[in-house]
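We name chains A, B, ... by the order of the sequence lines, and we start the count at 1 in each one.
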Amino acid sequence: MESTSELPVSLIPNHGSWLRYLSFSLDHKVVGIQYLVTGFLFYLVGGALAGMIRTELATPISDYLSREVYNEVLTMHGTIMIFLWIVPVVNGAFGNYLIPFYVGARDMAFPRLNAVAFWMIPPAGLLLIASFFIGGASQSGWTAYPPLSLRTPALGQLIWIFSVLLLGGSSILGGINFIVTILKLRRPGLKMMQLPMYCWAMLGTSILVVLSTPVLAGTLVMLAFDIVAHTGFFNPAIGGNAVVYQHLFWFYSHPAVYIMVLPAFGLVSEILPVHARKPLFGYTTMVYSILAIVFLGLIVWAHHMFTSGTPPWMRLFFTIATSFIAVPTGIKFFNWLATLWGGKIALNSSMLFACAFIVNFVLGGITGVALAQVPFDIHVHDTYFVVAHFHYIVYGGTVFIIFSSIYHWYPKITGRMLNEPLGIIHFVFTFVGFNLCFGPQHWLGMNGMPRRVSEYDPQFTLMNQISSVGALLMALSTLPFLINVFHSAWHGRVAGDNPWRALTPEWLTSSPPPVENWKGQAPHVEHPYGYGLVETNP
Amino acid sequence: MLDWLTILTLRASVITVLVSVGLILVGLAVGQRVDMLPVQASINAPVYDELFRVLFSIGTMLFLGICGLLVYSLVRFRRQPEDFGDGAAIEGNLPLEIVWTAIPAVVVLFVGLYSYNIYERMGGMAPLADHSVMHAMPASDPGSDDRVWGGISTISGETADLTVDVTALQFAFIFHYPEGNITTGELHVPEGERVELRMKANDVIHAFWVPQFRIKQDIIPGQPTVLTFTANRPGTYPIICAELCGPYHGGMRTSVVVHDRGAFDQWLTKNTPPVA
Ligand code: HEM
Ligand SMILES: [Cu+2]
Ligand SMILES: [Cu+2]
């Protein structure tokens, strides 16, 4: 199998220069960082769009953006955050950086495919953003439900479809690469049940990616045909069925929410043991609960459609299946708490974000189980309650873990530590801003504010303004983070190989690691979580 | 003879029991007091709110329990300066893990059964109980051939006291009363009577939502739907479109006016167009 270790260093483009980050690099670490930085740039764009949404909603009337532009902004915000920030970073960035270390390989199974997968992302993202300036972006929401998506300006919608297809293609290529790397590239003697938990999370996620993304791709191609060739798959005016689109869309997009969160479950499983100095509690049940989530995640999609005219037996089935996801999810949370229990916990920036993840996600999980109950959902479906739910999951869960991971792995990536006081300021602003922004939205939804609106009943003004202030704090929180990342890159304390005294293999090499990951043989790590069992040098 | 270990274990169990009981009491108390939903204006609303209270109680218990445990651990087990040792090397505990697989399983099972019961009381399960009805759905709607049913407040076999045709379009609702041939942009209904909305859309998907009734149903082009409700509190409530339907989606709202019977009859007579 091809891997960079067999290439002479001179063949690796721009080896040693920062230009390698702009090249078609085959080094998994470079590709990982390419994903991370690209994702973060798109996060800034998506965040600016969120700022525009919250500015519009600071007053009850539609006064800041035109209504069409508001819907464009709303659609682009969702699409960018999901497909260009969360999915690429939590899968592509950390997956590419860490998985080869974890399986004891020098690179991914298919380095060229890997570079191709990454390089599909920037053009797709730029195209999407460009659509704002060439005739207007899509206005039909990130869900693009027909017939609305057949009636809004066609060019923006087609560009949206094309770029989501590119991003989906990239994610399928990445998924295949992860599956093969984890199953086939393990260092001889390394058993599946000795892999760090993030590998299991990525295996589960990649299975979901490979099974469900093609369905989205097919659906979007059909939607494109409806737009350009006037076929009638989803167009009721000529005999099509609009609800079928929803089934197909959610068959991908519910698994997609697990594509966004399972890797975060994996990352937090790496972070907690290191900073609590304890083995990951219940490794085996953790593995089985990931597999259970993968299976259940494939059979719950219609909980997004309880008001779409689904037949009663279907509502019943999807309520039960959805509720049961709480069981494997609950196991993971109790295991993390048990990992902390009796440890020696260093409450640094990375841990603060990881622990806040637990708090936020539990709240999002509770509202999730409530939403799974048909009679409960009927009232709050398509309201700000749902907006609150999924931001508690996606932002409070996954984005918090992305930040936690950056604080954790930055020393490995750059060789320098991030500044702790700045990290704590970043955390406080993010945590307070996040809860101010999304907490009140639960109330708004229950009391009558639908989602995706640019104007609302004046009785909701106060809560919306609190929410907008929270958004402002979240925007401000980015400043200490950016200052920290740039300042520490040159002036941060030198990290050394293993500043956290961690046991997983990426720490058993220099920081930053050499192209071939380890000088000499890959280390044999049988106990990636063996705190208290294995010697760790202070 | 009690040795120290037994005493410690005993103490731990007592604390665990006390904390759990405390959590349950707090959860129940909070659930009883929570008041976050708009006024109840349909027979469906109190049933909904009961479910909400129960879910809120359970949610409070879980949330406080988990956050409490987390914060306690962070404080109690924080690393002391200059301590570079490791914590206890506990890799798992099968009985414990079985316990916390069982807890969510039981909770979820209870929530599922309970919400099934709620849904049944809302009328949502009627067609499932009766197979002949299920196939010829919806039974209470003999007039329509192929309508998909909104799943709330339909008791099979019952017929509506008032039927209204609803057409949703970008960006308005139009209500037509076959009885009296009235067309209006504002829905008027009598208090305490079963109203059946037969809904259709011609352009894009919309949704009919009255927060005070706790009901919602999408209005889907090519797929007529019905929604039934019984309003029981006179007043004026918003009707809100809850499905993104275009630029003016946020402005797509009107009102439902709930009258007592006399006032409704007056409204009906006043608005019935004279027969030509
Ligand atoms: C405890 C597990 C969870 C349950 C039971 C659950 C349940 C639900 C339900 C029933 C809905 C539909 C609500 C509605 O539209 O009326 C929903 C929406 C949503 N959930 Fe979750 N959820 C869970 C976890 C997650 C996770 C892990 C994510 C993502 C990382 C997530 C992201 C979303 C998103 C994005 C939506 C809204 C999609 C949209 O309409 O645009 N949820 N969830
Ligand atoms: Cu879902
Ligand atoms: Cu609408």
S.K.: If I measure from the heavy atoms of chain A, does B/Tyr72 come under 4.5 Å with its side chain, its backbone, both, or neither?
M.R.: side chain

S.K.: Heavy-atom cut-off 4.5 Å, strictly under: side chain, backbone, both or neither for B/Ile90 against chain A?
M.R.: both

S.K.: Which pair of heavy atoms, one from A/Pro440 and one from A/Asn435, lies closest together, and at what distance?
M.R.: CD-O, 3.6 Å

S.K.: Quick one: what part of B/Leu96 sits under 4.5 Å from any heavy atom of chain A, side chain, backbone, both or neither?
M.R.: side chain

S.K.: Any side-chain heavy atom of B/Ile239 sitting closer than 4.5 Å to one from B/Trp209?
M.R.: no

S.K.: Going through the distances and angles, do A/His442 and A/Tyr392 end up as a ring pair (Phe, Tyr, Trp, His ring centres under 6.0 Å)?
M.R.: CA-CA 10 Å; A/His442 293 107; A/Tyr392 265 83; 5.3 Å; yes

S.K.: Under 4.5 Å from any heavy atom of chain A, what part of B/Leu244 do you find: side chain, backbone, both or neither?
M.R.: both

S.K.: Looking at A/Met449, A/Lys278, A/Glu68, which one has more heavy-atom pairs under 4.5 Å with chain B than the rest?
M.R.: A/Lys278

S.K.: Measure B/Arg253 against the heavy atoms of chain A and call it side chain, backbone, both or neither at under 4.5 Å.
M.R.: side chain

S.K.: Examine whether an atom of A/Pro146 lies under 4.5 Å from a heavy atom of chain B, and if so say whether it belongs to the side chain, the backbone or both; otherwise answer neither.
M.R.: backbone

S.K.: Check whether B/Leu55 gets within reach of chain A through its side chain, its backbone, both or neither, counting any heavy atom under 4.5 Å.
M.R.: side chain

S.K.: Sort A/Thr152 into side chain, backbone, both or neither according to what part of it lies under 4.5 angstrom from a heavy atom of chain B.
M.R.: neither

S.K.: Heavy-atom distances under 4.5 Å only: say whether B/Asp203 touches chain A with side chain, backbone, both or neither.
M.R.: both

S.K.: Out of B/Gly85, B/Gly112, B/Ala207, B/Ala105, return the one with the most heavy atom pairs under 4.5 angstrom to chain A.
M.R.: B/Gly85

S.K.: Hey, what's the ring geometry for B/Phe229 with B/Phe208, parallel, tilted or perpendicular (30° and 60° as the breaks)?
M.R.: parallel

S.K.: Which bit of B/Cys245 is near chain A, if near means a heavy-atom gap under 4.5 Å: side chain, backbone, both or neither?
M.R.: backbone

S.K.: What's the verdict on side-chain contact (heavy atoms from CB on, under 4.5 Å) for A/Phe385 and A/Gln441, showing C-alpha distance, side-chain angles and the deciding distance?
M.R.: CA-CA 6 Å; A/Phe385 188 91; A/Gln441 295 180 359; over 6 Å; no

S.K.: Just by distance, no angles: are the side chains of A/Thr75 and A/Asn71 close enough, under 3.5 Å, to form a donor-acceptor pair?
M.R.: no

S.K.: Using heavy-atom distances under 4.5 Å, tell me whether A/Asp457 contacts chain B through its side chain, its backbone, both, or neither.
M.R.: both

S.K.: Can you say whether B/Leu74 sits under 4.5 Å from chain A via the side chain, the backbone, both, or neither, judging by heavy atoms?
M.R.: both

S.K.: Is A/Val69 in contact with chain B via its backbone, its side chain, both, or neither, using a 4.5 Å heavy-atom distance?
M.R.: neither

S.K.: Does any backbone or side-chain atom of B/Gln80 lie under 4.5 Å from a heavy atom of chain A? Answer side chain, backbone, both or neither.
M.R.: neither

S.K.: Based on non-hydrogen pairs under 4.5 Å, which of B/Ile118, B/Val71, B/Val111, B/Val107 is most in contact with chain A?
M.R.: B/Val111

S.K.: Side chain from CB out, backbone as N, CA, C, O: work out which of these in A/Gln459 comes under 4.5 Å of a heavy atom of chain B, or both, or neither.
M.R.: neither

S.K.: Side chain, backbone, both or neither: which part of B/Pro238 has a non-hydrogen atom closer than 4.5 Å to chain A?
M.R.: neither

S.K.: Which atoms of A/Val359 come close to chain B, meaning under 4.5 Å heavy atom to heavy atom: side chain ones, backbone ones, both, or neither?
M.R.: both

S.K.: Taking side chain as everything from C-beta outward and backbone as N, CA, C, O, which of these in A/Tyr283 sits under 4.5 Å from a heavy atom of chain B? Side chain, backbone, both or neither.
M.R.: backbone

S.K.: So, A/Asp382 versus A/Thr307: side-chain donor-acceptor pair below 3.5 Å or not?
M.R.: no

S.K.: Return the option, out of A/Tyr456, A/Phe324, A/Phe334, with the maximum number of heavy-atom pairs under 4.5 Å with chain B.
M.R.: A/Phe334

S.K.: Pick from A/Cys355, A/Ala242, A/Ser454: which one has the most heavy-atom pairs with chain B under 4.5 Å?
M.R.: A/Cys355

S.K.: Using heavy-atom distances under 4.5 Å, tell me whether B/Glu91 contacts chain A through its side chain, its backbone, both, or neither.
M.R.: both

S.K.: With a 4.5 angstrom heavy-atom cut-off, could you sort out which part of B/Tyr48 is near chain A: side chain, backbone, both or neither?
M.R.: side chain

S.K.: Sort A/Leu347 into side chain, backbone, both or neither according to what part of it lies under 4.5 angstrom from a heavy atom of chain B.
M.R.: side chain

S.K.: Which atoms of A/Ser140 are under 4.5 Å from chain B, going by heavy atoms: the side chain, the backbone, both sets, or neither?
M.R.: backbone

S.K.: Can you tell me which portion of A/Leu280 sits under 4.5 Å from chain B's heavy atoms? Options are side chain, backbone, both or neither.
M.R.: backbone

S.K.: For A/Asn447, is it the side chain, the backbone, both or neither that has a heavy atom under 4.5 Å from a heavy atom of chain B?
M.R.: both

S.K.: Could you tell me which portion of A/Phe333 (side chain, backbone, both or neither) has an atom closer than 4.5 angstrom to a non-hydrogen atom of chain B?
M.R.: neither

